[in-house]
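I have placed the structure first, in the form of structure tokens, so that the comments after it can refer back to it.
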Amino acid sequence: MDFTFNSAQAHAALTLMLTIRLFESKIESLFSSHIMHGTTHLAIGQEAVHAGVSPALDREDWIVTTHRCHGHTLAKGASLKAAFAEFFGYSDGLAHGLGGSMHLVDVEHHNAGSSAVVGSGVPLATGMALQLKRKKSNQLVVALFGDGASSRGAVHESMNIASVMSLPVLFLCEHNMYGMSACAKDMVSVEYISDRGNAYAIESTVVDGNDVEQVYKAVSDAAHYIRSTGKPYLLETRTYRFSGHSKSDKRVYRTREEEVAWLKRDPIEMLKQRMLQRTYIDEKDFEKLGQNIQCEIDNIVDEMIDHPRQLSIEEAFSYVYSSKEHGQL
Amino acid sequence: MDFTFNSAQAHAALTLMLTIRLFESKIESLFSSHIMHGTTHLAIGQEAVHAGVSPALDREDWIVTTHRCHGHTLAKGASLKAAFAEFFGYSDGLAHGLGGSMHLVDVEHHNAGSSAVVGSGVPLATGMALQLKRKKSNQLVVALFGDGASSRGAVHESMNIASVMSLPVLFLCEHNMYGMSACAKDMVSVEYISDRGNAYAIESTVVDGNDVEQVYKAVSDAAHYIRSTGKPYLLETRTYRFSGHSKSDKRVYRTREEEVAWLKRDPIEMLKQRMLQRTYIDEKDFEKLGQNIQCEIDNIVDEMIDHPRQLSIEEAFSYVYSSKEHGQL
Amino acid sequence: MKKISCREAIREALFEEMARDQDVVLIGEDLGCYGGCFQVTAGLIERFGTHQVIETPVSEEAIVGVAVGAAMMGMRPIVEIMYGDFSTLASDPLINHAAKMRFLSAGKLSVPLVYRTPMGSGTGAAAQHTQSLESVFTNIPGLKIVYPSTPYDLKGLLKSAVRDPDPVLFFEHKLYGVEDLIPEEEYLIEIGKGDIKRQGADVSIITYGKTVFTAMEAARLLEADEISAEVLDVRTLRPLDTDLILQSVSKTGRAVVVHEAPTFGGFAGEIVATIVGDRRAFGALKVSVERVCGLEMPTPFNKHLELALQPSVERIVDTVTHMFTSSV
Amino acid sequence: MKKISCREAIREALFEEMARDQDVVLIGEDLGCYGGCFQVTAGLIERFGTHQVIETPVSEEAIVGVAVGAAMMGMRPIVEIMYGDFSTLASDPLINHAAKMRFLSAGKLSVPLVYRTPMGSGTGAAAQHTQSLESVFTNIPGLKIVYPSTPYDLKGLLKSAVRDPDPVLFFEHKLYGVEDLIPEEEYLIEIGKGDIKRQGADVSIITYGKTVFTAMEAARLLEADEISAEVLDVRTLRPLDTDLILQSVSKTGRAVVVHEAPTFGGFAGEIVATIVGDRRAFGALKVSVERVCGLEMPTPFNKHLELALQPSVERIVDTVTHMFTSSV
Ligand SMILES: Cc1ncc(C[n+]2csc(CCOP(=O)(O)OP(=O)(O)O)c2C)c(N)n1
Ligand SMILES: Cc1ncc(C[n+]2csc(CCOP(=O)(O)OP(=O)(O)O)c2C)c(N)n1
Ligand SMILES: [Mg+2]
Ligand SMILES: [Mg+2]
């Protein structure tokens, strides 16, 4: 792969990936100290996909995420504050505390939010693309889904529809080798989900999802293809979640050796090494960067915990229907 | 294709195809003279698939049919009497008059019946195969579905499952170019549905569905493959329904030229010509055969109309739950 | 006024709304030149083209999911699903998505979707094509549910449904050929308002959809017995016009709830609970509240059995008469 | 007797039935070494192997369809779906197929399927993981529906469900850790029988699932006000134990129906209609019948809002107290 980031791009990607990593680590610690409630799905290890997807799009392009949505949400432009507040269930959160970890939505940044029903976001994204196309917009929609989701019928139906209707959808499979505990090799009938493109006459490819430059390049190319042909595209990114599936996961379904092998391919470390090599950065800059982000995150959270703002039940009712009269107590 | 029927096989196939054709023609006339009620989906023109599928299976193999199920049901062994009675809603019908045209079932002949929800029979067939495999049976299950049904998510989910679990299912796509009015080339994202086999690591092929010898050979081979490998197989048969989709269809969605072109490939005529050529039959035999079948059919129907037997509502209730106490009036 | 069938009334509503706003888009199977399974959309593709009439593969789940997504981007999709029975396939996009998008985005996204599908029996299409599955959706906050009976109501409510900013399920009975008079000029009917189809003093027959006609016929017969029956067509199931129901029952002191769906677990239960949950209406009740609904059986193909399942004029008349003849 | 949690009670039932009959097979996602989303099936794959514990891809519709087909061939599948919310995806195989196969084959095929899934709120998992969707299925003839509350009931009813020749939906609340005593020896509980969880004379609180515990707590508080509340756990929704309900209400003359699902269109309506459709029970009623159920809102993530949605001890106590203090 010949494509490389210039220094500014590399810095931006590194900053984003570190921000996401530290955001999720903070979330993890808030959960394990029982300050946060509910459940959460961390994507630690998958930051190259986050930093490679949204930044390679136009600002006006839309994304539709999944239950594992933190990284993509930040990468698409959400503020750390609004994101954290959502985890706390506060009214200044992205969804005013109504959605929580699995439902980060950020319409201002053209992030339509997620479906926590695995795979069900894909038809929504397809429909968004249909209306954008009707309005002769140049925007595309990224439908994110996992290797587990690839088995859902809704994904098949959507790909077929996007193909026969020529819709500007980037089907982006974030293949991290596992569903919850289920290993893709036992659950998915093909080695590469991207090979299913043929079944829908959809162009496709697979890239190393731990290499942010590769992901970025592949998404840029796919976006260009979609915009110039009006057709959908299927991109598979191969990556690995270092974290457990959700907060309670003991990871009994995989070996520590496998984890260690993947940890050697930590996407942040990979980018950092390249940047060191290209002298875009030195060890001290890197350390500093991490400290600054950590500091910002800690401040946000400390300040937030001290100022809880929560919707009243009446306010929550106002979001059930558009006209208030139908919200009933 | 080198495979050819011997005389006995050819005679059996011809008799079966003619029987199905005349059965459906009778149904059509009973509907148009308003003697029968409800709706019906004729498959006139697709008899080579009917006569090529079930006869190529072992008697113990199962089939799961669709709304367009008359031909397969007769081919699998159902009696003309029980089939006609079902259309009349009589208690001596295949399902005692509870199912009607779209739900012909014949458990004795290992025909598990149909789902009239397009595509939804495919997971049922897959599940039947799962239990047969668990019981170390040598039987396979044929999941019949149309080109329209191929767009249903349930079909995708089933193929993926049958592949990863290695289940003895023959996915048999009866591609007749149209859904209801929807032309496959506008609705299905690939030219050949059989090409989707690759997406599931399922072996597949496509054959001329108007050539009964080809269908028979392909099904025999597929059944052999499934039994010897334990894996599923996807077979596409290309055919055409001469009749409208259902009784009220004016066929505005296709041209008369297209119909005429296909009529030239009438599967019964094709087999007849071969049999004439091979001197398995002469014109007079053929005429006689048709007359005999017609006579049998007319007698059955005449006799049936004179002796209507219908379930009482209490009897119908006894089929809702296994234990009668739960059937409520 | 002009005479028009239910089918034409729906088509007129579609036509007017599609002409008014290019973002009103029909989506569904075979609704182009074929005109839809029940011929409701015949002629619309010729007039509005593929920009506003979108034919889809047989993919109910994705069709509705696609419509939800498109609605989020400003389309006003009207999805037609051929038979209400296939609402099972659409229940994830409807229940888990359409109903919740506005809430989950704290009001930033909305889903102005109309989901049209025919429900009910009478066509000889057996167990998988004749269910009345409205109860699958009535317990879902975020959805509105409309189930009109007459050409007038069908047209006025469908037009309102199209303009509604929230997802509306629009259920149709299959008596598409039934005719009645409607105004020449444009009109809307507010979602959430019931209609007294017949005034009466002695008993309230509360119903919706096809059984409105059954109830009207029963009311006519009851008149011969000098029982004056009020027929209340709720028209909208969610939000329900509880005021109208309570008023009627407080007046008559007797209530019979009628629908095609099986009694047990059906929407009639909600109507009954609405009545007896209200102190005034409960106090006014002279006898227990009755339900005359479908029998507890999948619909058989056999014609006489299919008929036997449905709430008949006779069953309604008997039930009402019994309310007057026997003691509480 | 031994102390056991709801989770363990279910697991014991699974274990005993799987040991008894090799055709009893668990099917679902991540229920092998992971032990299932709520750890209910932990340890079963180690004991019974992949012949009786079948892990599947994320394909809810096909999983349940596959189970229906397998059941037709003699398997006794127990499908686990991770969250009741995904029952939307399984509603076609359940409603259009499992419920109708016996009928459509005039008794020649049957579907001895158990569909296990947890319903309800309290876990902070927001709108798509906390619904109580039992109403999607209660109006479907051909299905049986069970929704037990205690370890004792969970175990006994699950074992009966596995042995039942018809499809049984087995809904579980998410208080998997709640403990209680159960017998050491094997036992079954008949499907279709309710249970008086607490005897009382003044008011019948009728409920099922998690809110049985809420109702019990409310009954304890009401005792302080000298109101003797009977708590009736229906345990089975379909077929409902109407006799027990009518007996209880005929005795107390007051009824409050409680469930987690939103009030409107919920199963409480059926229970209310059952009561007031019976002349004796209706005649015995001293006040209107009340419902204390979930609010009309998708479940918010925010903890205090999530809590506010549920029927609380306070709301039950207030409602009951109000029945005694104000006139009809
Ligand atoms: C329809 C559905 N089934 C099951 C679940 C439970 N679940 C949550 S995440 C998950 C695994 C999804 O795997 P994948 O698509 O690969 O995404 P990943 O978690 O790896 O990001 C499952 C089964 C769900 N949320 N929705
Ligand atoms: C899920 C579902 N959607 C729609 C229908 C209505 N319908 C009946 S047959 C049919 C076309 C099916 O096409 P195909 O699978 O090619 O079968 P064919 O009719 O050609 O035999 C449709 C859309 C249905 N029965 N089920
Ligand atoms: Mg994954
Ligand atoms: Mg076809």
Side-chain angles (χ1 to χ4, degrees), chain B residues 62 64 91 93-99 102-103 105-108 112-117 119-132 134-135 137 139 141 143 152-162 164-165 167 311 315-323 325-328, chain D residues 22-23 25 27 50-52 54-77 79 89-90 92-93 95-113 140-144 164-167 191-192 238-240 242:
Chain B
W62 286 87
V64 175
S91 57
L94 286 164
H96 299 200
L98 298 175
M102 285 195 284
H103 296 286
V105 56
D106 185 16
V107 174
E108 283 73 11
S114 74
S115 173
V117 184
S120 288
V122 176
L124 301 193
T126 306
M128 290 166 65
L130 170 62
Q131 176 66 352
L132 292 174
R134 282 187 75 251
K135 301 309 265 187
S137 155
Q139 301 159 27
V141 185
R152 281 285 318 283
V155 174
H156 164 81
E157 295 187 349
S158 299
M159 288 195 186
N160 183 60
I161 286 174
V164 297
M165 295 190 186
L167 301 180
L311 288 188
E315 286 170 313
F317 264 113
S318 75
Y319 296 126
V320 182
Y321 293 99
S322 298
S323 85
E325 79 204 70
H326 291 125
Q328 299 169 267
Chain D
Q22 292 210 4
D23 279 329
V25 176
I27 301 181
T50 53
H51 194 65
Q52 276 179 277
I54 298 181
E55 290 202 279
T56 70
V58 186
S59 305
E60 279 76 7
E61 185 182 346
I63 294 171
V64 180
V66 159
V68 172
M72 284 159 51
M73 292 292 105
M75 189 194 280
R76 294 193 162 258
V79 189
L89 301 170
D92 181 65
I95 292 176
N96 286 331
H97 297 87
K100 294 174 174 58
M101 273 301 146
R102 200 182 132 72
F103 191 76
L104 280 172
S105 66
K108 297 222 182 69
L109 294 167
S110 62
V111 181
L113 162 88
I140 309 298
L143 297 180
K144 296 183 180 177
D164 199 285
D166 294 316
I191 291 177
R238 186 176 183 112
L240 185 65
T242 52

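Quick note on labels: first sequence line is chain A, next is B, and so on, each numbered from 1. Computed from heavy atoms alone, side chains included, the values below leave out hydrogens, waters and symmetry copies. Computed from a predicted structure; not experimentally measured.
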Below 4.5 Å, heavy atoms only, C-beta onward: do D/His97 and B/Val117 meet side chain to side chain? yes
Interface moiety of D/His51 toward chain B, non-hydrogen atoms closer than 4.5 Å: both
Honestly, the part of D/Met75 sitting under 4.5 Å from a heavy atom of chain B is both
Of the non-hydrogen atoms in B/Ser323 and D/Asp166, which two are nearest, and what is the gap between them? N-OD2, 4.2 Å
Top contributor to chain B contacts, counting heavy-atom pairs under 4.5 Å, from D/Val68, D/Val58, D/Asp92: D/Asp92
CG on B/Asn160 to OG on D/Ser59, rounded to 0.5 Å: 6.0 Å
Which bit of D/Pro57 is near chain B, if near means a heavy-atom gap under 4.5 Å: side chain, backbone, both or neither? side chain
Please find the pair of heavy atoms, one from D/Ala106 and one from B/His96, that lie closest to each other, and give the distance. CB-CG, 3.6 Å
Partner chain D: residue of B/Gly99, B/Gly97, B/Ser115, B/Ser158 with the largest heavy-atom pair count (under 4.5 Å): B/Ser115
Could you grab the distance from atom CD of B/Gln131 to atom CG of D/Asp23, nearest 0.5 Å is fine? 5.0 Å
Which atoms of B/Glu108 are under 4.5 Å from chain D, going by heavy atoms: the side chain, the backbone, both sets, or neither? side chain
May I ask you to test the D/Leu109-B/Val107 pair for a side-chain heavy-atom distance under 4.5 Å? yes
What's the spacing between D/Lys100 NZ and B/His103 NE2 if we round to 0.5 Å? 9.5 Å
Rounded to the nearest 0.5 Å, what separation is found between the OH atom of B/Tyr321 and the CZ atom of D/Phe103? 12.0 Å
Could D/Lys108 and B/Asp106 be called an ion pair, given the rule that one side-chain N must be under 4.0 Å from one carboxylate O? no
Shortest non-hydrogen separation from B/Ser120 to D/Glu61 and the atoms involved: OG-OE2, 4.3 Å
Interchain contact, D/Val25 with chain B, by part (heavy-atom threshold 4.5 Å): side chain
Closest approach of D/Gln22 to B/Arg134 (non-hydrogen atoms, all atoms of both residues): O-NH2, 2.7 Å
Bottom line for B/Leu311: the part with an atom under 4.5 Å from chain D's heavy atoms is neither
Chain D heavy atoms under 4.5 Å from B/Val164: which part of the residue, side chain, backbone, both or neither? side chain
Are any of the side-chain heavy atoms of B/Ser322 and D/Arg102 separated by less than 4.5 Å? yes
Using non-hydrogen atoms and a 4.5 Å limit, figure out which bit of B/Ala129 sits close to chain D: side chain, backbone, both or neither. neither
Which value, rounded to the nearest 0.5 Å, describes the distance between D/Met73 atom CE and B/Leu130 atom CG? 12.0 Å
